[in-house]
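The structure appears below as structure tokens.
What you see is a predicted model; the values in this text were computed from it and never measured.
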Amino acid sequence: MIRDQLKNHIAQAILDAQAAGDLPRFDLPVFTVDHPRQTQVADYAASVAMQLARPAKLAPLQIAQRIARNLRLDGIASCEVVSGYLNLRLTPYYLTRQVEAILEAGERWGNIAIGAGKRVQVEHGSANPTGPLTVASGRNVVIGDTVANALEAAGYQVQREWYVNDAGNQIRHFGESVYARYAQRLAVDEPFPDDGYRGEYIVEIARLIVEREGTRYLSYPRVEARRALGKLGIDMMMDGVRASLARVGIRFDNFFSERSLYESGLFERMLPILREKGLLIEHEGALWFSEDGSPIRKGESRNQQTGDVGPATAGSIIENQKSNKVQAVVIRSPGVVPEPSERPTYFASDIAYVWDKLVVRGFDKAVYVWGEDHQGDVPRLMAVTRALGLDTSRIVLLIYRFITLMRNGQEVRMGKRAGNIVTLDDVVDEVGSDATRFVLLSRSIDTKITFDLDLVKKQSDENPVYYVQYAHARICSILRKAEELASSGVGESSDTHPMAPANAAAPSPTPALASNPRLPGSYEFQHPSELALIRKLLELEEVVEQVATLLQPHHFTTYAQSLATTFSAFYRDCRVLGEAPEVTAARLKLVQATRVTLARTLALMGMSAPEKM
RNA sequence: GCGCCUAUAGCUCAACUGGAUAGAGCACUUGACUUCGGAUCAAGGGGUUGUGGGUUCAAAUCCUGCUAGGCGCGCCA
């Protein structure tokens with residue numbers, strides 16, 4: 001990556017300056033090379049000299065000058081010292097060569113190596129399987145999928161995993177709901193459970209089950225029928241989820257069953273590890289995790305008070321939080337939960353799950369994508385990870401804020417139990433997959449998104465999604481036209497035409513360009529808009545690095561728009577077809593490199609790159 | 001009450017994690033092509049980065065006091 005190269009050159013220059021006695025001895029500091037805000041100032045700038053003022057006991061300007069004196073940039077860039085800054089500008093020669101490099105890299109352009117040899121898991125989605133995929137989960141999976149794309153591009157080996165919450169009492173409620181609808185469908189009087197799932201989709205599931213399986217479950221003992229229908233229903237829900245995900249171009253490598261953590265005995269094996277450290281405490285019949293082994297206080301205060309929220313409760317919570325130590329129930333007491341299989345809490349599963357990720361499967365890093373409603377669970381996951389003797393820096397939690405869905409100028413409230421949900425399918429039907437993904441990606445994950453369905457539809461002309469895709473379609477149009485000109489031999493003879501295939505007999509997807517000879521070594525792009533476009537293309541690697549390290553996928557949308565804008569400026573200023581042959585040839589290459597870059601960026605975002613619109 | 005997150009142009013948001021004169025889109029005003037796609041482009045106005053203090057060569061960014069909002073604080077998931 002060019003930025004790293006420049007940084008290495010500067011570091012070397014500092015060392016050389018020290019060796020030559022130009023600069024005093026000091027340890028090489030951690031410094032950055034970045035883009036100045038004003039692009040006319042420089043392509044890259046380093047402010048090391050300012051950082052070094054103290055250790056070197058010299059004025060920043062002098063330091064910068066001495067670094068610059070020792071800087072050998074090998075024709076990649078020129079350097080200018082401005083008040084302590086090292087301002088670097090890439091040379092037209094270097095930029096011109098990069099166009100060839102991009103075309104050579106092709107679909108791999110944008111790939112970097114920072115993750116080479118490391119395995120990362122990105123767990124996302126993971127919505128309760130008791131209903132269809134909602135728009136709310138849409139943000140989750142789009143973030144997760146895009147982050148996974150970026151990590152892959154950064155060289156990591158990535159596994160995409162969906163955690164299926166198929167344990168716990170919600171599944172029982174679900175089974176009861178399906179059973180009730182099933183019975184009702186068969187005209188058997190069966191009351192609908194109070195805390196059941198009221199959505200229409202349960203009715204639909206019941207209908208399908210009746211269709212496929214007939215009446216046989218009516219003869220089962222009720223508890224068994226509910227369990228069986230629940231399982232059947234979950235499977236059907238997950239099939240639906242997979243289908244919905246496919247519509248937005250998302251696939252998972254693995255669906256991990258929460259229940260399997262218990263069935264495999266893994267959870268049981270976790271307990272001794274924590275117990276040995278004195279972090280598991282029996283309290284009022286329940287099993288608690290106490291981060292520092294301190295006695296459990298919550299239950300006591302609960303007994304003291306009469307049921308109202310009062311000072312006693314508040315006081316004890318403050319006390320617990322003052323020590324900042326996590327205390328959480330792992331297994332509920334039989335007195336509270338009669339059914340043994342429902343006693344482990346969600347947290348219990350988390351304990352075994354993080355172990356499974358980091359130890360059993362040995363991922364170097366595990367990324368969790370969680371909605372803001374789970375933000376309060378972060379401390380206990382961190383605490384228990386630490387307690388298990390694992391490095392907490394190996395888990396990363398992406399907490400995103402919820403979206404508000406607007407329709408007809410009104411906020412749409414959703415609830416799975418109540419049944420008034422808006423599914424991801426609904427939204428995709430209305431605005432399409434590309435627009436859905438773009439909107440859900442376009443903001444930093446800790447910004448609330450207002451997804452106005454009417455606006456996204458109505459203003460589709462001015463939607464940035466289409467702006468970016470339009471640039472790609474326009475490029476394809478130019479390339480098509482170039483091929484037509486080349487194949488019809490209009491203008492020049494085919495063997496001297498810059499766009500003509502070197503070997504006309506060998507067909508290839510883009511014959512005019514794929515086999516085009518290299519630009520002459522002396523050729524250099526000159527026009528400011530050409531050079532600006534190439535610089536913008538080169539940023540792709542930096543954006544990939546940024547998203548892969550910061551795990552903030554919205555940078556792709558910003559970059560895509562900026563790239564499309566830069567291309568538009570080039571398109572306005574520089575004619576491609578019909579110029580002098582070497583100019584047209586060079587610009588065609590630049591246009592093709594832009595297409596590659598734009599298409600890759602769209603692919604990283606999970607969007608299509610249309611050739612026509 | 002406590003914890004996490006947020007506050008930047010009229011609106012929606014960026015700002016590469018401490019760097020130079022804080023940028024885009026929308027909206028508004030005014031313009032542009034007989035040529036590669038007008039789903040385009042150009043120009044213009046618009047800012048005490050919620051607020052008070054602090055840290056240093058340098059703060060939208062870090063610390064801190066307020067203010068406002070979101071989420072969470074269960075033997076729910």
Side-chain angles (χ1 to χ4, degrees), chain A residues 3 32 34-38 41-42 45-47 50-51 53-54 59-60 82-85 87 128 130 165 167-171 283-288 298-299 302 311 313-315 317-318 320-322 324 328-333 335-337 343 345-347 349 371-379 399 401-402 442-444 446-450 452 455 459-464 466-467 469-471 473-482 485 539 542-543 545-546 549-550 552 554-555 557-559 561-562 565 568-569 571-579 584 587 591 612-613:
Chain A
R3 199 210 310 241
T32 58
D34 44 27
H35 298 283
R37 282 208 269 246
Q38 292 82 28
V41 171
S47 57
M50 265 101 107
Q51 289 176 44
R54 186 163 294 169
V82 179
S83 63
Y85 288 98
N87 287 346
N128 283 339
T130 52
N165 303 125
N169 61 20
Q170 57 173 351
I171 297 300
H283 182 76
E284 296 179 351
L287 188 66
W288 288 68
K298 274 185 185 168
R302 219 167 61 102
T313 305
I317 288 171
I318 289 167
N320 277 341
Q321 291 191 339
K322 205 187 272 176
N324 226 6
V329 174
V330 179
I331 301 178
R332 290 181 277 260
S333 76
V336 176
V337 180
R343 278 180 207 147
T345 59
Y346 193 77
F347 176 50
S349 305
E372 61 176 331
D373 55 339
H374 283 85
Q375 141 264 104
D377 300 339
V378 175
I399 309 292
R401 298 196 47 172
F402 286 144
S442 59
R443 268 146 223 178
S444 139
D446 38 34
T447 297
K448 189 182 73 177
I449 291 181
T450 305
D452 190 324
L455 213 65
Q459 294 197 338
S460 64
D461 283 3
E462 286 154 10
N463 200 308
Y466 300 102
Y467 178 75
Q469 291 184 322
Y470 178 76
R474 182 186 250 172
I475 287 171
C476 290
S477 169
I478 296 174
L479 295 174
R480 272 195 305 272
K481 189 152 267 182
L485 289 172
E539 280 179 33
E542 295 166 17
V543 177
E545 180 185 39
Q546 208 178 341
T549 54
L550 304 177
Q552 294 187 354
H554 72 277
H555 287 116
T557 63
T558 311
Y559 174 67
Q561 288 178 84
S562 164
T565 300
S568 292
Y571 177 81
R572 179 194 68 231
D573 297 336
C574 303
R575 215 188 143 74
V576 177
L577 303 177
E579 296 290 302
T584 287
R587 286 183 178 168
V591 164
K612 290 180 183 172
M613 289 174 71

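Contact between the side-chain N/O atoms of A:Tyr467 and the OP1/OP2 oxygens of B:C41 is found at a separation under 4.0 Å. When the side-chain nitrogen and oxygen atoms of A:Arg474 are compared with OP1 and OP2 of B:G38, one or more of them lie within a distance under 4.0 Å. Note on A:Ser562: every side-chain N or O is 4.0 Å or more away from OP1 and OP2 of B:G25. A:Ser568 has a side-chain polar atom (N or O) that falls below the 4.0 Å cut-off from OP1 or OP2 of B:C41. Residue A:His554 has a polar side-chain atom (N or O) positioned under 4.0 Å from OP1 or OP2 of B:A15. Between A:Arg572 and B:A42 there is a side-chain polar atom (N or O) within less than 4.0 angstrom of OP1 or OP2.
No engagement by A:Glu579 is indicated, since no non-hydrogen atom pair under 4.0 Å with the nucleic acid exists. Base contact: A:Arg3 has a heavy atom under 4.0 Å from a base atom. If you check every strand for non-hydrogen atoms under 4.0 Å, A:Phe402 touches nothing. Using a 4.0 Å heavy-atom cutoff across all strands shown, A:Ser444 reaches sugar-phosphate atoms only and no base atom. Within the 4.0 angstrom heavy-atom criterion, no nucleotide atom of any strand lies near A:Asn165. Across all strands, A:Ala286 comes closer than 4.0 Å to base atoms (heavy-atom distances). Among the atoms of the strands shown, base atoms are found under 4.0 Å from some heavy atom of A:Ser333. Residue-level contact check: A:Leu550 touches the bases, meaning some heavy atom is under 4.0 Å from a base atom. In this structure, A:Cys574 reaches the bases: a heavy-atom distance under 4.0 Å links it to at least one base atom across the strands shown. Counting any heavy atom pair closer than 4.0 Å across all strands shown, A:Gln375 reaches a base atom. Using a 4.0 Å heavy-atom cutoff across all strands shown, A:Arg343 reaches no nucleic acid atom at all.
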Please enumerate all protein N or O atoms sitting under 3.5 Å from an N or O of nucleotides 18-21 of chain B, with distances to 0.1 Å.
unit_1, atom_1, unit_2, atom_2, d
B:G19, O2', A:Tyr85, OH, 2.8
B:G19, N7, A:Ser47, OG, 2.8
B:A20, OP1, A:Arg37, NH2, 2.8
B:A20, OP2, A:Arg37, NE, 3.2
B:A20, OP2, A:Arg37, NH2, 3.4
B:A20, O4', A:Tyr85, OH, 3.3
B:A20, O2', A:Gln38, OE1, 3.3
B:A20, N6, A:Asn87, OD1, 2.5
B:A20, N1, A:Asn87, OD1, 3.1
B:A20, N1, A:Asn87, ND2, 3.0
B:U21, O2', A:Gln38, NE2, 2.6

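A side-chain N or O of A:Gln170 and one of A:Asn128 form a donor-acceptor pair less than 3.5 Å apart.
Note: CG (A:Asp373) to P (B:A77) measures 14 Å, nearest angstrom. Rounded to whole angstrom, the span from the CZ atom of A:Arg480 across to the C1' atom of B:G37 amounts to 9 Å. One can place NE2 of A:His555 at 8 Å from C1' of B:A15, the figure rounded to the nearest angstrom.
B:U49 is unpaired under the Watson-Crick or G-U wobble criterion, no partner having all donor-acceptor distances under 3.5 Å. B:U40: Watson-Crick or G-U partner is B:A32, with both key distances under 3.5 Å. Using N1 to N3 plus N6-O4 or O6-N4 for Watson-Crick, or N1-O2 and O6-N3 for G-U wobble, each under 3.5 Å, B:C73 pairs with B:G1. Remark: B:A58 base-pairs with no nucleotide in the shown strands. Criterion, Watson-Crick or G-U wobble with two distances under 3.5 Å. Using N1 to N3 plus N6-O4 or O6-N4 for Watson-Crick, or N1-O2 and O6-N3 for G-U wobble, each under 3.5 Å, B:C26 pairs with B:G10.
Counting only heavy atoms from C-beta on, A:His35 has its side chain closest to B:C16 among B:G69, B:C16, B:C71. Closest to the side chain of A:Arg575, from the set B:U35, B:G37, B:U56, is B:U35. Taking only side-chain atoms of A:Ile478, from C-beta outward, the nucleotide of B:G37, B:C71, B:C13 with the closest atom is B:G37.
A stacked arrangement is assigned to A:His374 and the six-membered base ring of B:A77, with a centre-to-centre distance below 5.5 Å and an interplanar angle below 30°.
Mapping A:Thr345 and A:Thr450 onto RNA chain B via the closest heavy atom, the residue that lands nearer the 5' end is A:Thr450.
Note on ring orientation: taking the six-membered ring where Trp is involved, the planes of A:Trp288 and A:His283 are perpendicular (angle over 60°, cut-offs 30° and 60°).
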